[in-house]
Structure formats: C-alpha cells, structure tokens
Amino acid sequence: MDLILFGPPGAGKGTQSKFLVDRLGIPQISTGDMMRAERKSGSALGKKFDEYMTQGLLVPDSLVIELLRNRLVQADAKGGAIFDGYPRTVDQAKALDAMLAEMGRRIEKVIALEVPTEAIVDRISGRRSCEACGQVYHVSYNPPPSTGRCGNCGSDRIVQRDDDREEKVRTRNAVYLENTLPILAHYGDKGIVAKVDGTGAVEDVTRRIESILGK
Ligand code: AP5
Ligand code: ZN
C-alpha cells in the first residue's frame with residue numbers, strides 16, 4: 001500500500017510514520033530525513049539542500065523529485081511506502097503519481113493530520129531529534145532517555161534542528177499554506193483524503209489512523 005502522511009510542520013507525521021512502519025510492514029520515506037542525512041555527509045548535494053533548509057524554504061522540485069525517484073526503486077519500497085513530508089507541491093504530487101503509475105501502483109490514502117497552531121508551536125519548540133537515526137523526541141511529551149543517549153540507536157547527539165527556531169518555523173508554516181496545502185485538493189478530487197484529528201496522545205492519534213486504514 002502507498003499512503004501519504006500529510007500535515008503542517010510539527011503535526012506529528014514523523015512520529016506516526018514510525019508506528020505505521022511496524023504495523024504495515026512498509027518503509028517510511030521522509031525526504032526531510034534523507035536531506036538531513038545528505039547534509040550531514042557534507043556532499044555537494046547536501047550543501048545545496050543547506051541553502052534552503054536552514055531558511056525554512058522548500059528545496060526546488062527538480063532536486064527533490066530526483067531524490068525520490070532514486071529512493072523508490074530500492075528493494076524495500078517495492079511493496080509500498082509511507083510518504084512523510086513528500087509531496088510538498090502539486091508538481092511533486094503529480095511526479096509521484098506518475099512514478100507510481102509506472103510501477104502499477106497508486107496513492108491509496110492521504111492521511112491529513114489536523115493540529116491547531118498553538119499546539120504546533122509547543123510541539124516544535126520542544127522537539128529534539130537524534131542526529132544519527134532521526135528518532136524524534138519532545139522535552140515534555142516524549143523525553144529522550146535520562147542517559148542522554150538515543151533510545152533507538154544509542155547516539156549521544158540529540159539536538160534541536162536548526163530550522164526549529166521560532167522565526168524559521170513561521171516561514172515553514174507560510175510555505176506550507178501557500179505551496180503544500182493545495183495538494184489536498186489534488187487528491188481530494190480522487191476521494192482518498194481522510195482528515196484525522198492530530199491532537200491528544202500519540203497513541204490516540206495512531207489509533208485514529210489505524211481505524212481509517214482498517215488495520
Ligand atoms: P521535514 O523534515 O519534512 O519537516 P516538516 O514537514 O516541517 O515536518 P516536521 O519534521 O517539522 O514535523 P512532523 O509533522 O514530522 O512532526 P514530528 O513527528 O516531528 O522538512 C524539513 C525541511 O526539509 C523543509 O522545510 C524543506 O526545506 C525540506 N524538505 C523536506 N521535504 C521536502 C520536499 N518534499 N520538497 C521540498 N523541500 C523539502 O512531531 C513534532 C514534535 O511533536 C515532536 O517533538 C514530537 O515528539 C511531538 N509530538 C508528535 N505527536 C505528538 C502528540 N500527539 N502529542 C504531543 N507531542 C507530539
Ligand atoms: Zn538515534
């Protein structure tokens with residue numbers, strides 16, 4: 001199955017993806033995580049991503065679509081994927097539809113997480129991420145282990161993302177409203193968009209998503 005986890009920055013897409021990977025047995029494809037890994041490697045492509053990501057702006061479609069194309073042909077993504085943070089523009093959505101169609105696949109569901117702005121600000125300002133494996137924590141709602149090491153991979157590099165500062169978050173939100181939200185109308189026409197209340201405990205949100213997926 002191919003599904004998109006959709007929502008504004010900080011809505012909980014990454015958090016919920018991690019649970020769905022286990023339940024559905026398909027990988028999470030997060031373009032944000034892939035780009036952060038590329039930046040960390042210090043490659044020329046990573047430096048290009050830097051220019052946009054540190055400002056909270058979208059990386060140009062041509063670069064993102066290429067990144068996704070290379071990821072989609074990897075063996076673990078043959079049976080479907082959870083798309084997290086992709087697509088971000090209607091053109092990216094159309095490119096994804098075309099790539100999947102070539103493989104005889106299509107997006108079956110778009111799960112749109114709805115979270116009010118006040119909660120988003122609180123979630124993003126308290127977020128901490130493991131630089132090594134991408135595991136997401138929150139200082140209050142899901143604190144990292146008291147050892148200071150990542151519970152998933154053992155790394156001691158649990159940091160605040162450079163685009164999680166208040167001013168960058170405002171830019172990311174504006175970009176979301178202008179460029180990303182129109183994607184819902186693109187998929188809405190196909191009748192596959194399911195809006196999900198993204199507030200409350202992480203497990204409650206997971207249960208709401210599972211009930212929509214019939215799992
Ligand atoms: P990306 O990494 O995709 O970031 P994003 O979409 O802004 O989403 P976030 O990672 O901020 O939030 P999330 O919804 O995953 O929430 P999370 O689960 O972490 O993109 C970053 C940048 O990369 C972009 O700005 C752009 O520059 C570039 N980029 C990436 N993809 C691109 C593309 N396709 N095209 C162009 N550019 C692209 O949760 C947030 C916090 O809340 C965490 O601390 C978590 O612990 C907590 N939390 C989650 N759920 C709950 C809950 N139910 N209750 C309490 N706390 C919760
Ligand atoms: Zn880790």
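All values derive from a computational prediction rather than experimental measurement. Counting convention: from 1, in listed order, for ligands and their atoms alike.
- With hydrogens left out, the protein atom closest to atom 23 (O) of ligand 1 is M53 CE, 3.2 Å, a heavy atom.
- Look at Q16 and you'll find every heavy atom at least 4.0 Å from all atoms of ligand 1.
- The protein heavy-atom contact nearest to atom 32 (C) of ligand 1 is T31 OG1, 3.6 Å.
- Both I4 and I29 belong to a common hydrophobic cluster when Ile, Leu, Val, Met, Phe, Trp and Tyr are linked at side-chain heavy-atom distances under 4.5 angstrom.
- Remark: distances from the non-hydrogen atoms of G200 to ligand 1 include one below 4.0 Å.
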Set out, in order, the CA-CA distance, both residues' side-chain angles and the distance that settles side-chain contact (heavy atoms from CB on, under 4.5 Å) for V59 and T31, then state yes or no. CA-CA 10 Å; V59 169; T31 42; over 6 Å; no
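- Contact annotation: for D163 versus ligand 1, heavy atoms closer than 4.0 Å belong to the side chain alone.
- Near G14, with a cut-off below 4.0 Å to any heavy atom, the atoms of ligand 1 are 13 (P), 15 (O), 18 (O).
- Ligand 1 is approached by A201 to a heavy-atom distance shorter than 4.0 Å.
- Within 6.0 Å of the NZ atom in K18, the count of heavy atoms belonging to other residues, nucleotides or ligands exceeds 12.
- Looking only at heavy atoms of the protein, atom 37 (N) of ligand 1 is closest to V59 N, 3.1 Å.
- Side-chain N or O atoms of T171 include one that pairs as donor or acceptor with a backbone N or O of E167 at under 3.5 Å.
- Ligand 1 has at least one atom lying under 4.0 Å from a heavy atom of G10.
- One option in Q55, R172, E203, R123 has a heavy atom closer to atom 48 (N) of ligand 1 than any other, and that option is R123.
- Considering backbone and side-chain N/O of G85, one or more are found under 3.5 Å from N/O of ligand 1.
- Less than 4.0 angstrom separates some heavy atom of A11 from each of these atoms of ligand 1: 14 (O), 16 (O).
- Of the protein's non-hydrogen atoms, R127 NH1, 3.2 Å is the one closest to atom 9 (P) of ligand 1.
- Counted within 6.0 Å of NZ on K190, heavy atoms from surrounding residues, nucleotides or ligands total more than 12; the atom is thus considered enclosed.
- Which of Y141, Y176, F83 comes nearest to atom 55 (C) of ligand 1 through a heavy atom is settled by distance: it is Y141.
- Close contacts of ligand 1 with T15, meaning ligand atoms under 4.0 Å from a residue heavy atom, involve 17 (P), 18 (O), 39 (O), 45 (C), 49 (C).
- Heavy-atom proximity to V202, at under 4.0 Å, picks out these atoms of ligand 1: 50 (N), 51 (C), 52 (C), 53 (N).
- Of the protein's non-hydrogen atoms, K13 NZ, 3.3 Å is the one closest to atom 8 (O) of ligand 1.
- The environment of CD in E51 is crowded: more than 12 heavy-atom neighbours from other residues, nucleotides or ligands sit within 6.0 Å.
- If you check each of R88, Q92, M35 against atom 6 (O) of ligand 1, the one with the closest non-hydrogen atom is R88.
- Counting heavy atoms from C-beta on, the side chains of T54 and D163 never come closer than 4.5 Å.
- Rounding to 10 degrees, one finds that the Zn ion (ligand 2) sits at the corner of an angle of 110° between C130 SG and C150 SG.
- For R161, the heavy-atom gap to ligand 1 drops under 4.0 angstrom.
- Of the possible polar contacts, none joining the K109 side chain to the A194 backbone as a donor-acceptor pair under 3.5 Å is found.
- Listed by number with element, the atoms of ligand 1 under 4.0 angstrom from any heavy atom of R36 are 2 (O), 21 (C).
- Atoms of ligand 1 found under 4.0 Å from any heavy atom of V136 (numbered from 1 in listed order, with element): 19 (O), 43 (C), 44 (O), 45 (C), 46 (O).
- Residue F19 places its CZ atom among 12 or fewer non-hydrogen atoms of other residues, nucleotides or ligands, all under 6.0 Å distant.
- Every atom of ligand 1 with a heavy atom of L57 under 4.0 Å away is listed here by number and element: 26 (C), 27 (O).
- Here the heavy atom of the protein found nearest to atom 16 (O) of ligand 1 is G12 N, 3.1 Å.
- Only the side chain of V64 comes within 4.0 Å of ligand 1, judged by heavy-atom distances.
- With respect to atom 44 (O) of ligand 1, the closest heavy atom belonging to the protein is Y137 O, 2.8 Å.
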